[in-house]
**Student:** 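Input: one structure, supplied below.
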Amino acid sequence: MGKQIPFCRKCMWTKEMLEKERIKLEDYIANIPEEEKVSPEEHERRLLICDTCPELRSGLCGQCGCYVAVRAVRKNGYCPHVRRKW
């Protein structure tokens with residue numbers, strides 16, 4: 001994932017808090033236990049599907065407000081759209 005992804009609105013963290021703590025979405029994903037993650041190929045497949053969805057807003061799902069990169073990496077993650085895409 002080369003591009004910068006915004007941080008979670010639901011967490012209510014300010015930009016200053018995030019910069020101070022140097023919390024990164026990539027670090028968060030890296031710390032998810034491997035047994036809870038889908039394969040890298042499945043993660044990429046899910047992200048590609050999300051990229052085509054009109055509900056995607058700067059890496060956030062317009063249906064639920066989550067970061068699709070996190071939802072898509074988890075085995076128990078799912079598309080929250082009315083017509084689930086994955």
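Heads up: numbering here begins at 1 and tracks the sequence.
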**Student:** Under 3.5 Å, side chain of Lys37 to main-chain N/O of His43, donor-acceptor pair present?
**Tutor:**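 Flag not set: sc Lys37 to bb His43 has no pair under 3.5 Å.
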**Student:** Which distance, rounded to the nearest 0.5 Å, do you find between the CG of Asn31 and the CG of Asp27?
**Tutor:**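 Nearest 0.5 Å value for the CG-CG distance: 6.5 Å.
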**Student:** State plainly whether one hydrophobic cluster holds both Val73 and Tyr28, where clusters connect Ile, Leu, Val, Met, Phe, Trp and Tyr through side-chain heavy atoms under 4.5 angstrom apart.
**Tutor:**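 Same hydrophobic cluster.
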**Student:** Could you please spell out the steps behind the side chain to side chain contact (heavy atoms under 4.5 Å, CB included) verdict for Arg71 and Cys50?
**Tutor:** CA-CA 11 Å; Arg71 183 180 288 266; Cys50 290; over 6 Å; no
**Student:** Closest approach of Val38 and Ala72, non-hydrogen atoms and distance?
**Tutor:**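 Nearest heavy atoms, Val38 then Ala72: CG2-O, 3.5 Å.
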**Student:** Would you mind writing out the side-chain donor-acceptor pairs for residues 75-86 within the sub-3.5 Å range, not counting sequence neighbours?
**Tutor:**
unit_1 : atom_1 : unit_2 : atom_2 : d
Lys75  : NZ     : Glu35  : O      : 3.2
His81  : ND1    : Arg83  : N      : 3.0
Arg84  : NE     : Cys79  : O      : 3.2

**Student:** Which residues satisfy the salt bridge (charged side-chain N to carboxylate O under 4.0 Å, His left out) test with Glu42, sequence neighbours excluded?
**Tutor:**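 In terms of salt bridge (charged side-chain N to carboxylate O under 4.0 Å, His left out), with neighbours along the sequence ignored, Glu42 is linked to Arg45, Arg46.
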**Student:** How close do Leu47 and Ala69 get, heavy atom to heavy atom, and via which atoms?
**Tutor:**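 So the two residues come closest at CD2-CA, 3.8 Å.
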**Student:** For a 4.5 angstrom cut-off between non-hydrogen side-chain atoms, does Cys53 reach Gln63?
**Tutor:**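 Cys53 vs Gln63: side chains apart.
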**Student:** Please tell me whether Ile49 and Leu56 are part of a single hydrophobic cluster in this structure, the criterion being side-chain heavy atoms less than 4.5 Å apart.
**Tutor:**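 They do not share one cluster, since no chain of ILVMFWY contacts under 4.5 Å joins Ile49 to Leu56.
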